[in-house]
Amino acid sequence: MSLDTKPGNDPDQQIHLTAVDEFLAWGKENSLFYLLFATACCGIELMQTGGPRYDVDRLGMIPRATPRQADLMIVAGTITHKMAGRVRTLWEQMTEPRWVVSMGSCSNSGGPFSKWSYSVLNGVDKYVPVDIYIPGCPPRPEALIDGVMALRERVRMYRTFGIREREPIVVAGGHCDFGAHPGKDPVTAAKDPAGTPTAEPKA
Amino acid sequence: MTVEAITPSGERMQLNLGPQHPATHGVLRIVIDTDGEVVANCTPDHGYLHRSIEKIGECVEYPLFVPYTDRVDYVCAMNANLAYCLAVEKLLATDPATAVTVPLRGECIRVLVAELNRISSHLIGVGAMAMDLGAYTPFMHGIAQRELVNDIFEKLCGQRLTYNYVTIGGVGFDLHPSATAEISAFLDKFEVEMVRFNQLITTNAIFRERCAGIAPITAAEAVAFGLVGPNLRASGVDWDLRRDEPYGIYGQLAVRVPTGQAYAGRHGVLGDCYDRYVVRLLEIQESVRQCREVLKILPPAAAKANDPQGGWQADVSKQIRKPPKGEVHCRTEAPRGEMGYYLVSDGSKIPYRVRVRTGSFSAAGIFQHVMRGIFLADVVAVIGSFDIVVPEIDR
Amino acid sequence: MTALLPAAIAARVVAAFPTVEARTSDNGQPWLCVPAAVVQAAGTFLRDQPDLAFDSLMDLTGYDLLKYPASPPSDAIAVVYLLHSLRHRHKVTLKVLAARADCAVPTAAAVWPAAIYFEREVWDLLGVQFTGHPSLHRIMCPDDWIGHPLRKDYLYPSEYQGVPHLRDGQHFEHGPKRAGQAIAPATPPAAPAPKGPA
């Protein structure tokens, strides 16, 4: 099974499920369970967003403690080199379809620590493919919800048999350079830069 | 119950708690060796959030380090800012030529925001402890109250979490015109909410039974292991830097210091998890009272920022570029305990060494000692009762 | 509860341990220079003497003297012990100047258990071996990290486990020196690197 297409369906042999797929996508969009994964300061804003005032629960988003039950990983907080392997393990444990939102400057590109820190990973997109980048230090809960709404647009376009949109986007008026392999699994793309899109992530 | 008292079942297992786990207050990893349901040994594994903040302190100028102090303890960022700024001011004061006098209004604002932030920090501490034990609602109440404090801070300095507000020589901006009224209104409403919060969780029999008698720490152990702050006071040691080594205008305030007294009643032991929880609640009450006192003695605003009475920031731009060569140690009472800065200066505008000593680091240091012989289910109660934030441990 | 002045504390310690020297920092802060060999005995003395009673280890840290402008310049690693007495409310600062080459200091963990974690951090970040420590391994950096970051001659790594540290096209004009990188890049970045998110 490849990262971009599902088995048995070449681009010119798509099975259109129409209403069933739209129903499934509507269901996915309105029940994105996110992995309760908060590293640093952005984690507090994530908690505040899940709190009574900003309340992502009304969007159907409930935190799950285990990656097996999560659709979405919001990487909230600084990722250090020591933690990076664990982030990759958590991402690999999530079942498809899965999305990654990079919340905050630290996980976008290292943030305030990118220049002088020896231990901070300059961007979580070196280890996991990111769909949405939310700038901020920390981003306001409104910015996080803005990112979630942008992700919901993408989830609504998800089709069970089809090619999935992988181009990352930045919300809230920010800018980010997407690194060497935008939209691809960075670990496998780094090993195979010529980049066959069917590169498989190692289990 | 200790693991020696029960016959070893021989069912040894090694469990991994974290680094991603809803109950570890951040990325903390503990490897637990269990004998059945009882913890035989636990080995914490730190460094998952080591952001080399102390090294950054050797690379950026003194004022530019203040935002990094926010990230050392983001739950109580005002106190973290304050600790560093006081240390730098103490360094400047070792040479009369560079000494700084913070205006009185600036000092009052510092204490005001520090105590407000102590309230919101303790709300996270006690709320997260309750959430770890399965009670989700009190945490939501705490978050809702914290939002009100965030609103005040956002009007004050534009940020909700990492403020960069307390600066060397004072505070960044004066209070906005409606600040004192808003803070008074918040404190009044907050006291009513805390009554409800206590009815919800503090007097809850299940919560009390889960915390009573778990991991008691004697006063001698607490001092020997370097515990500070509410963790130390819960073990019965009557020590609070705001009263015993006062800084700012704390010397003018009546600082009452709650200590542990086996609050859990029948099953309670001095220095257990319930004591650490109750000491934080009592500190919230004390902070409310101190905020009200400060609002009474707050001098009226002056037009100029460096006015000695009504100003809010002294001008330190010259002193910061050439501080005295040497060292200083300065500590303040942050919500998680003493935050001690050891600064070494080589006379240039960039510090030579910035050392941050935090309360959570010592709390992590005692994990291995207190977690032997408790049930696995009590591990989360213990971690929650210490109110650690991992960036304080890892920096 | 009688707080002693720093001079009095220094006199007591020097009387008991003649190899200890009382010194002052460049801005007048008093400290005691303790040779590594007597640091455990001195610590026990400071903790157990009833009129000293330094039961609280406020901090155990260190710093590298390599680039400190002193005369004569030194390349030692200073291990700093900041002690406080809860009973008498006085403080003292001890420093052990460990030689850079053979950096070993006896552990203070037997005197103050708080030192267990502090010493692990000093080992990790400054490379001071604490002999007799129950579990001296890295605490902040990953176990396979090379080097001791807080040393002044530390060279930042350019990658960790195969993943380069900087992002593609990311270049810091006055950033830290990294292993394997020239000080000025051989080819300047093609376009000005877009600024990262605020």
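The chains referred to below are lettered A, B, ... by the order of the sequence lines, with proteins before strands, and numbering in each begins at 1.
- Atoms CD and OG, on C:Q170 and A:S109 in that order, are 6.5 Å from each other to the nearest 0.5 Å.
- Of all non-hydrogen atoms in A:W116 and C:Y156, the two that sit nearest each other are O-OH, 2.7 Å.
- A 6.0 Å sphere centred on CG of C:D102 holds no more than 12 heavy atoms belonging to other residues, nucleotides or ligands.
- With a 6.0 Å radius and a threshold of 12 heavy atoms from other residues, nucleotides or ligands, A:F23 has its CZ atom at or below the threshold.
- In this structure a side-chain-to-backbone donor-acceptor pair under 3.5 Å is present from C:H165 to A:S117.
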> Can A:K126 and C:R167 be said to form a side chain to side chain contact (heavy atoms under 4.5 Å, CB included), step by step?
Replying inline: CA-CA 8 Å; A:K126 288 172 178 284; C:R167 296 174 73 80; 4.3 Å; yes

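- Scanning both residues, C:P157 and A:Y118, for their nearest heavy atoms gives CD-CB, 4.3 Å.
- Here NZ of A:K115 is found 7.0 Å from NE2 of C:H174. Values are rounded to the nearest 0.5 Å.
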